[in-house]
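Reviewing the structure listed below.
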Amino acid sequence: MNAKIFFQRKLKFGKRLIQLHHWNAVLFLLLSLSGFILFSSSFRSSLPALRVWVKDVHIWSGFIFCLPFLFYLPKLGKHLITLRKKKNHRINLYVVLAILFLLILSGLELTYHRQFPPIVSSVSLFVHDAATWFGVPYAIYHSVTRSRWFKKLGENKRVENSLSEPMFIDKENPVYKRRTFLKLLSGSIIAAAFLPSFMQWVRPFVPASSSKKTPLPDGNDFSPLPDPNAKSAPPIGGGRKGEFRYYTVTEVPELNNQNWNLEINGLVDRKKTYNWGQFIQVQRDVQVSDFHCVTGWSVYNCTWEGIPLKRLLTEAGIKKGAKFVKFYSADGVYSDTLTVKQAMMNDVMVAMLIDGQIIDQQNGGPVRLIIPKMYAYKSVKWLNRIELIAEEHTGYWEERGYSKNAWVKGV
Ligand SMILES: Nc1nc2c(c(=O)[nH]1)N[C@H]1C(S)=C(S)[C@@H](COP(=O)(O)O)O[C@H]1N2
Ligand SMILES: [Mo]
């Protein structure tokens, strides 16, 4: 082939790659921003309805993001040939492709996570997070060090080459030294900016540090504290594995003997209000179960101690017309419902202790609902009222787009 034509084709190929690359950059930015909003707990509480919408945006941009990637893959071989003399560019390409592959694969699993057992989703979420923690700072570093502005700063015009020419690098050249220094500097600045939130993410996965974790200040104040059952302390489940991500759509309520009680009313034969002193007298059971959030994280082997809901409902006497059970939170906002049949499942529990300790304030204490077979958006925290009703009530998250079907596959 004529050398000139060959070179022109190569240029055209390069231009197309650059166009693809720009699309990728825009989509990657959109994905990072929406992903950050989904990850951040402050957005979760301040803009709850936005979250469901942002999740859709994230998933759709993820799908669109795959398109340039699919166009590119068949051309990968050709691209690698143009890079054969640029080792650093090749390494960069492999790193980026590996990150994208992991992000896309885990992202697909998370999109269709209901088809998989929760442990698979836990792994996917971990991979998705880890690839993001590595990929986003890397992408920022990449776009900074390849920007025109940065290159000017390094005054390295003579070192920069066209796509095809072999790179000549003189490591003693002051321009090269300056550029390397600037790269190191920007790399460190970017890494330092991400470090604090990265450490926060990584903590639950480091066994030694999670046990040393100082508990959050607890604004709840109840006395006397319940004596744990022998099966709870030490916990028969051997202690939970994993960390809760504390979620709330409101301020965290501060509860105590005065402002908390548990009401059972609506379509029941015997309405009942328990104050704290009475409530801790009710006979409690202990059960070990896993806790699954629909966003992909789980806490395994929780030893819960509390009152089976069935026992409370049977005591209150369910009237004929009652078809649903509505659960209220002391936060005044959150609620959810089960059918009476679901509410009578043996493992639905009004829980008061976890692993032998009273459920803390952030975790929904003193009393929260536990429904092991369903996603945790059903398990109302700061539970203070159980009402038997005739017509279905739509729960907080279901109203905002979560599925009414909350069954966890394979549990
Ligand atoms: N009152 C109240 N209960 C709630 C929520 C909430 O925001 N408010 N979030 C639900 C969701 S989506 C999950 S995953 C679990 C989280 O429990 P945790 O905050 O103890 O980890 O609580 C559920 N119960
Ligand atoms: Mo959740």
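Computed from a predicted structure; not experimentally measured. All ligand and atom numbering here is 1-based and tracks the order in the structure.
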Carboxylate-amine/guanidinium proximity below 4.0 Å for Glu398 and Lys378: yes
Polar proximity ligand 1 side, Val249 side, N/O cut 3.5 Å exclusive: yes
ring-ring contact (aromatic ring centres under 6.0 Å, His included) assessment of Tyr402 paired with Trp397: CA-CA 5 Å; Tyr402 278 29; Trp397 279 117; 4.8 Å; yes
Polar side chain donor-acceptor pair, Asn346 to Lys310, under 3.5 angstrom: yes
Under-4.0 Å heavy-atom contact with ligand 1, by part of Phe327 that carries it: neither
Part of Asn363 with heavy atoms under 4.0 Å of ligand 1, whether side chain, backbone, both or neither: both
Check: Trp397 N/O within less than 3.5 Å of ligand 1 N/O: no
Sub-4.0 Å heavy-atom approach of Ser379 to ligand 1: yes
Region of Arg368 engaging ligand 1 - heavy atom pairs below 4.0 Å: side chain
Enumerated ligand 1 atoms positioned under 4.0 Å from heavy atoms of Ser329: 1 (N)
Selection from Tyr334, Tyr375, Phe244 by shortest heavy-atom distance to atom 10 (C) of ligand 1: Tyr334
Cationic N near anionic O, under 4.0 Å, Asp355 to Lys241: no
Close approach, Phe291 and ligand 1, non-hydrogen under 4.0 angstrom: yes
Heteroatom proximity flag, Trp297 to ligand 1, N/O under 3.5 Å: no
Lys/Arg N to Asp/Glu carboxylate O, Lys326 vs Asp336, below 4.0 Å: no
Tyr72-Asn24 side chain donor-acceptor pair, cut-off 3.5 Å: no
Those atoms of ligand 1 less than 4.0 Å from some heavy atom in Cys293: 14 (S)
Sidechain N-carboxylate O distance under 4.0 Å for Lys271, Glu263: no
Side chain, backbone, both or neither: Ala376 near ligand 1, heavy atoms under 4.0 Å: both
Qualifying ring-ring contact (aromatic ring centres under 6.0 Å, His included) pairs, either residue in residues 341-376, two or more places apart: His113-Tyr375
Any N/O pair Asp331/ligand 1 closer than 3.5 Å: yes
All side chain to side chain donor-acceptor pair (under 3.5 Å) counterparts of Asn301, not counting sequence neighbours: none
For ligand 1, the portion of Tyr247 having any non-hydrogen atom under 4.0 Å away: both
Note, Phe65 side chain near Leu103 side chain (heavy atom, < 4.5 Å): no
Per-atom contacts of ligand 1 with Arg245, taking only distances under 4.0 Å to non-hydrogen atoms: 18 (P), 19 (O), 21 (O)
Distance-only N or O hit between ligand 1 and Trp382, under 3.5 Å: no
